[in-house]
Number of protein chains: 2
Amino acid sequence: MADLNAPATSDLRPSGGDRIARQDEPVWDIIELLFFAYRDFVSEPDDVLAKLSFGRAHHRVLHFVNRNPGMKVAELLDILKITKQSLGRVLKQLVDQGYVVQKEGANDRRQRLLYVTSKGETLAIKLAGLQTARVARALGELGPNGYEAARRFLTALIDSDNRDGVLRIIARADRARRQRS
Amino acid sequence: MADLNAPATSDLRPSGGDRIARQDEPVWDIIELLFFAYRDFVSEPDDVLAKLSFGRAHHRVLHFVNRNPGMKVAELLDILKITKQSLGRVLKQLVDQGYVVQKEGANDRRQRLLYVTSKGETLAIKLAGLQTARVARALGELGPNGYEAARRFLTALIDSDNRDGVLRIIARADRARRQRS
DNA sequence: GCATTTAGGTCAGCCATATTGACATATTTC
DNA sequence: GAAATATGTCAATATGGCTGACCTAAATGC
C-alpha cells in the first residue's frame with residue numbers, strides 16, 4: 001500500500017507541506033481528486049439503484065425526502081435545481097412503486113407534502129449506509145480533525161450566496177431527526 | 001454572513017468539535033455537503049461550455065487530454081470509465097471543432113495519441129481557472145493546513161483498489177507539466 | 001365574491017450522455 | 001499467417017435534463 005500520508009505532489013510544495021497559492025497555476029490535483037472522489041462516491045449507490053431500475057435522480061429525491069419528511073415539492077425543486085417536469089418523472093415512479101407518499105397539506109390543501117414509506121426509508125438508509133461507510137473509512141485514515149476539516153472545506157466550496165441556505169437545510173434536517181429519534 | 005467557523009451541527013458533536021463515529025448513524029452532513037459542493041463546483045464550467053454547445057462530457061475529455069498530452073484513447077477510457085462509443089461522440093466533436101488533435105503513435109501506429117490544440121488549451125485553462133478560483137477561495141477560508149487536509153480527505157474517498165492508480169495519474173501529469181514549463 | 005396568484009401536475013418534444021452488441025480496419029505480436 | 005490489440009463506427013435503447021404550453025384546485029387580495 002502506498003504511503004497515503006505522503007503528499008503525492010510534495011515535491012511541488014514548499015516545506016510546510018501546505019500549498020502556497022501560485023497565481024495563474026490551477027490547483028490541478030484538487031480538481032482531479034474531486035472528480036475521482038465524487039465518481040467513486042456515487043458508484044456504489046448507482047449499482048444498487050440499477051438493480052431496481054432506478055438512477056441517480058431517484059436517489060437524490062429519495063435522499064432528501066427521507067431527510068426532510070413532509071417537505072414541499074417546491075422546496076425539493078429548489079434543492080435539486082431541476083424543473084418540475086424532470087422531478088415529476090422520477091417522483092411518479094417512486095410513488096407508484098411505494099417508496100414515497102404524498103399527503104395533502106393540513107393548512108394549505110394545495111400542497112402535496114412528501115414522505116418516504118418504510119420501504120423508502122429502508123432503501124434511503126441502505127444507500128446512505130454505503131456512502132457513510134466510505135466517508136467513515138476516509139475519515140478514519142485522517143487525523144482527529146479530519147471530520148471538521150472535511151466539513152469546512154466542502155462548505156467553503158459551495159456558492160457563497162447559497163451557503164447559508166444549504167447549511168440551514170442540513171441543520172433543520174438534523175434537528176428534526178434528533179427529535180424523532 | 002453566518003459564522004462559518006462554527007460547526008453547523010456543533011450541538012450534535014462532542015466537545016472536541018470532532019465527530020466520534022456513531023455506529024449506524026449516517027454522516028448525513030458530509031453526504032449532503034458533497035452533493036452541494038460538487039453541484040456548484042461544476043456549475044460555472046457548465047455555463048461556459050453551454051455557450052459553445054458543449055457539455056460536461058467535453059469538459060472531462062478536454063481536461064484530461066490537456067493534462068496528459070499524448071495520452072492514448074484507452075487510457076482516457078479507463079480514467080473516465082465510459083464506453084468508447086460514448087467517448088467517440090464527444091471526442092469527434094472536439095476534434096472537428098479544433099480543440100483536440102490525434103496523432104499516430106510513433107512506436108505503435110495503431111494508437112491515436114491525443115493532444116489539445118492551442119485553442120483547446122486555452123479553453124481547458126479557462127475552465128480550470130474557474131474551478132481553481134473556487135478552490136482557492138475555499139482554501140483561503142480554511143487554516144494553513146486546509147489544502148493538505150482537503151487533499152487527504154478527497155484521496156481517502158477514492159476506491160482503495162484504485163487510489164494508487166489515480167495518484168500515479170495525477171503525479172505523472174504534474175511531472176510532465178513541470179518539465180514543459 | 002370574483003380576480004389573481006400560488007402549488008402542483010401533465011403532455012409533447014428535444015437534447016445530451018450514457019448503455020449494449022455487432023462489426024470493421026489497421027497494426028502488432030506470437 | 002493467425003491471433004490479439006487499438007481504435008472506430010453503426011444501430012438501438014435508456015435516463016434525465018430542458019422548454020413551452022396548458023390544466024386543476026386552492027388560497028389570497030381587494
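Chain A is the first sequence line, chain B the second, and so forth, proteins listed ahead of strands; every chain is numbered from 1. What you are looking at is a predicted structure, and each value in this text was computed from that prediction instead of being measured.
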Minimum heavy-atom distance between A:Ala156 and B:Glu141, given as atom pair plus value: CB-OE1, 3.5 Å
Base versus backbone protein contacts along nucleotides 4-15 of chain C [heavy-atom cut-off under 4.0 Å; B, S, -]: --BSBBBB----
Look at the aromatic rings of B:Tyr99 and B:Phe54 and report parallel, tilted or perpendicular, splitting at 30° and 60°. perpendicular
Can you classify the ring geometry of B:Tyr38 versus A:Tyr38 as parallel (below 30°), tilted (30 to 60°) or perpendicular (above 60°)? parallel
pair [X]-[Y]: side-chain heavy atoms closer than 4.5 Å:
X	Y	result
A:Glu25	B:Thr132	no
A:Phe41	B:Ile30	no
A:Asp46	A:Arg56	yes
A:Glu104	A:Gln111	no

Which residue, A:Glu104 or A:Arg60, contacts DNA chain D at a nucleotide closer to its 5' end, judged by nearest heavy atom? A:Arg60
Please classify the nucleic acid contact of A:Asn107 as base, sugar-phosphate, or nothing, using heavy-atom distances under 4.0 Å. sugar-phosphate
Under a 3.5 Å distance rule, please check whether A:Asp159 uses its side chain to pair with a backbone N or O of B:Asp40 as donor and acceptor. no
Distance under 4.0 Å to a non-hydrogen atom of chain B counts as contact; along DNA chain D, which nucleotides mark the start and end? D:dT5 to D:dC10
OP1, OP2 of C:dA18 versus side-chain N and O of B:Thr83: anything below 4.0 Å? no
Take atom [atom1] of [X] and atom [atom2] of [N], then tell me their distance rounded to the nearest Å.
X	N	atom1	atom2	value
B:Leu49	C:dA16	CG	P	13 Å
B:Leu80	C:dA18	CG	P	8 Å
A:Arg56	C:dT17	CZ	C1'	12 Å

